[in-house]
Amino acid sequence: MLFTTSPSIPCGSLKGGSSIHRRSDIIYSMAAFSFTRCLVRSYFCVKCVDHVQTRLQTTTRMLCVSASRSSFVDAPKAQFTDTEVQDILSKITGLDLKKVFRPIRQQLTPPKYKLMTDTELEEAVRKAEEQAKHLLKMPPVLPERKPINDVLYEDQMLEGMDTAKYVFTDINFNVPHRERFIVVREPSGTLRKATWNERDRLIQVYFPKEGRKITPPPIFKEENLRVVFEQDRHEDVLNQCIVQFEPDSAEFKNVLMLTYEDIEKHGKYDLLRSTRFFGGLTWHLVNGRRIDGLLVDMLQRDLMQDAVRLVRLFNLVHPQSESAQQAQTQQAADLDLLKIYAQYESNRAGFIELAVQTHEQTKALSSF
Amino acid sequence: MAASLQRIGIVICRTFPVILQRNIQAQRIRDWKTSAPVLRLNFRALSSSSSSSSSADDTDSTEVLSRYSDRPWEYLESEEYIERYGSKPVWSNYRRNHKGGVPPQKTRKTCIRGDKICGNPCPICRDPNIIVHYKNVNLLQQFISPQTGIVHDPIRTGVCMKQQKLLNKAIETARDCGLLFAQLPHVDYSKEDYSNTHGAVAPTPAPFSLSSGELWYPWYGSIKPDERELARVKRIYKDYLKPDV
């Protein structure tokens with residue numbers, strides 16, 4: 001059944017709006033490091049409306065607001081999608097091939113044995129690393145989606161016609177799910193767009209995804225989550241979560257937050273290391289300014305480079321914090337960053353400084 | 001005399017196997033009922049004095065309830081379970097009775113009909129303490145292959161179809177609640193666009209209104225009609241045109 005667009009939305013304006021959006025995005029992303037660029041970037045982080053007039057209005061509003069805030073913001077705050085941030089996060093995650101390619105439960109085939117030369121073996125390892133990088137792609141961190149409260153038409157003549165709601169879904173195959181029109185006719189006669197929950201449910205009914213259920217499974221309830229966390233199966237919960245929910249939904253963010261909180265409370269960072277969720281965990285902790293536990297864990301496992309990268313990420317995300325400013329003035333690198341962070345921001349300064357000192361000593365001894 | 005003796009003999013020969021059959025079945029039911037440690041008789045004897053265990057409350061004179069019906073996972077740690085099964089799965093020493101080398105590709109529909117239990121009941125039905133429950137994870141794990149994660153076929157384990165259905169449901173519920181491991185597919189995020197700018201999910205843009213002089217389609221103004229055609233059409237519909245056209 002094909003569903004036609006309502007006549008109040010002419011196609012011309014939609015197409016015009018979306019092309020303007022794309023062109024300006026390209027222009028602004030190619031522009032130099034400037035005040036306007038950071039403004040528009042922070043504006044495009046929020047979802048933009050199609051109509052040109054409202055966009056101009058909001059841009060002027062942003063300009064007025066940012067002018068007063070410019071005294072507090074020295075440098076632009078890093079976002080999750082920045083290349084530098086992604087680079088740091090992927091390096092911190094690590095690449096333990098044994099953990100990434102551990103045997104999964106699937107239909108078994110007899111094992112294959114190959115005789116390889118050294119070069120072929122290196123080639124195979126390189127291919128495995130590429131495949132591992134693809135498997136370790138982080139789920140996106142997006143702002144929470146705004147609820148849809150849009151009434152298309154109010155028809156009093158249809159009131160009381162039926163006791164049930166009717167949902168009309170566009171089931172054309174080549175339409176992306178985010179552009180699919182799903183509307184609901186209430187028993188009171190109003191025709192409105194479906195809410196996000198209704199959309200997800202109906203899209204799962206008509207275009208089922210593997211592993212996703214129509215109603216969320218009871219694992220995401222508090223008591224079941226507690227049981228699973230006690231068994232140290234955070235990765236399974238997170239896998240279930242990304243299969244079940246959309247990355248910008250409230251439930252997704254809630255489950256992620258609960259998992260990260262539990263990991264941080266018990267210090268079980270190693271459970272997620274070398275999985276695709278470590279980046280999200282680090283980003284959550286850095287935004288909450290609570291990287292002490294993770295830093296101590298890294299230092300205990302002698303991952304000095306990772307610790308340095310973590311502190312650099314912290315400085316990028318909080319450029320107005322004291323450690324970031326000190327690092328800027330002193331142009332610190334490597335272990336000095338750790339010392340500055342320990343001095344100004346950390347709660348467990350003693351441990352961090354001690355670990356840095358022992359590392360330096362061992363390095364000095366080994367170099368002799 | 002001989003005829004009456006013959007008649008008596010015939011009657012005995014006819015009724016004896018029936019009596020024997022009934023006795024055997026009654027014995028089997030009695031064994032099955034008493035093998036469950038039901039405190040029914042003890043409770044009746046101690047009816048005056050209060051019994052401490054709360055599990056004695058589940059006595060029903062018509063139904064046989066196991067001691068572990070509230071917490072079925074406790075049976076798998078008890079001594080009688082270990083004595084009976086050891087560390088092997090409950091279906092390891094069960095063998096189906098069937099004709100020929102190849103077993104029928106479906107096990108029997110159910111072992112227990114009403115009050116009667118069949119001969120050679122399946123591994124779950126023969127022990128009334130084994131209860132299929134979604135929280136009884138250790139029992140459910142015995143029916144899942146540890147390498148592939150697939151539920152074993154009833155032909156392999158020998159359970160009846162009714163118990164297999166209950167097993168499947170319990171395993172699915174356990175996987176939903178997170179008590180059992182479930183293998184999930186890898187989610188790829190590279191192809192989706194999350195900007196949420198399309199009219200389907202964003203507030204509807206205001207309707208397009210024409211400014212003065214602007215045409216609905218940009219090519220409206222550029223196409224000029226043929227003069228002769230125009231004159232012909234005007235001549236034909238002369239009576240219906242507005243006076244100024």
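Quick note: numbers below take in every heavy atom, side chains included, and nothing from hydrogens, waters or symmetry partners. Below, chain A is the first sequence line, B the second, and so on; all start at residue 1.
Atom NZ of A:Lys268 is surrounded by more than 12 heavy atoms from other residues, nucleotides or ligands within 6.0 Å. The number of heavy-atom neighbours closer than 6.0 Å to NZ of B:Lys162, taken from other residues, nucleotides and ligands shown, is 12 or below. Residue-environment remark: CD (B:Glu214) exceeds the threshold of 12 foreign heavy atoms within 6.0 Å. The environment of B:Glu79 atom CD is sparse: at most 12 non-hydrogen atoms of other residues, nucleotides or ligands sit within 6.0 angstrom. Other residues, nucleotides and ligands contribute more than 12 heavy atoms inside 6.0 Å of the NZ atom of A:Lys99. Applying the 6.0 Å contact sphere to CZ of B:Arg96 captures more than 12 heavy atoms from other residues, nucleotides or ligands. Counting heavy atoms of neighbouring residues, nucleotides and ligands inside a 6.0 Å radius, atom OH of A:Tyr153 does not exceed 12 of them.
The candidate from B:Gly178, B:Ser145, B:Gly149 with the greatest count of non-hydrogen atom pairs under 4.5 Å with chain A is B:Gly178. Looking only at heavy-atom pairs under 4.5 Å with chain B, the residue among A:Gln240, A:Gln231, A:Arg180, A:Lys209 that has the most is A:Gln240. Between chain B and the residues A:Arg199, A:Arg105, A:Lys213, the most heavy-atom pairs under 4.5 angstrom are made by A:Arg105. Of the residues considered (B:Asp193, B:Leu184, B:Leu179), B:Leu184 shows the highest number of contacts with chain A, using heavy-atom pairs under 4.5 Å.
Residue contact with chain B, scored on non-hydrogen atoms closer than 4.5 Å, involves the backbone and the side chain of A:Leu135 alike. In this structure, the portion of A:Gln106 lying under 4.5 Å from any heavy atom of chain B is its backbone and not its side chain. For A:Glu246, the part lying under 4.5 angstrom from a heavy atom of chain B is the side chain only. Contacts of A:Val243 with chain B are made by both backbone and side-chain atoms, with heavy-atom separations under 4.5 Å. Using a 4.5 Å cut-off between heavy atoms, A:Ile242 contacts chain B through both its backbone and its side chain. Interface residue A:Pro139: backbone and side-chain heavy atoms are both found under 4.5 Å from chain B. Contacts between A:Arg178 and chain B at a heavy-atom distance below 4.5 Å involve backbone atoms as well as side-chain atoms. Neither the backbone nor the side chain of A:Lys221 comes within less than 4.5 Å of any heavy atom in chain B. If you measure heavy-atom distances from B:Phe181 to chain A, the contacts under 4.5 Å come from both the backbone and the side chain.
Minimum heavy-atom separation, A:Glu210 to B:Pro185: O-CG, 3.5 Å. Nearest heavy-atom pair, A:His134 versus B:His186, reported as atom, atom and distance to 0.1 Å: O-NE2, 4.0 Å. A:Phe181 and B:Ala200 get closest at one heavy-atom pair: CE2-CA, 3.7 Å. Counting all heavy atoms, side chain and backbone alike, B:Leu180 lies closest to A:Arg233 at O-NH2, 3.6 Å. In terms of heavy atoms, A:Ile148 sits closest to B:Val201 at CG1-O, 3.5 Å.
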Requested in this report: Report the C-alpha distance between B:Tyr194 and A:Arg145 in whole Å, list the side-chain angles of each, state the deciding distance to 0.1 Å, and finish with yes or no for side-chain contact (heavy atoms from CB on, under 4.5 Å).
Outcome: CA-CA 9 Å; B:Tyr194 294 104; A:Arg145 56 193 181 187; over 6 Å; no
**Report entry** Residues A:Arg276, B:Val187; criterion side-chain contact (heavy atoms from CB on, under 4.5 Å); working and verdict
**Finding:** CA-CA 11 Å; A:Arg276 68 194 303 201; B:Val187 179; 4.2 Å; yes
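Against chain A, the residues from residues 167-177 of chain B that qualify, each with a non-hydrogen atom under 4.5 angstrom away, are B:Arg175, B:Asp176, B:Cys177 in number order.
Two residues are said to be in side-chain contact when any heavy atoms from C-beta on lie closer than 4.5 Å; A:Lys137 and B:Asp188 fail this criterion.
Annotation: the span from A:Asp236 atom CG to B:Gln183 atom CD amounts to 9.0 Å, rounded to 0.5 Å.
A donor-acceptor distance shorter than 3.5 angstrom exists from the side chain of A:Lys193 to the backbone of B:Gly199, with no hydrogens or angles considered.
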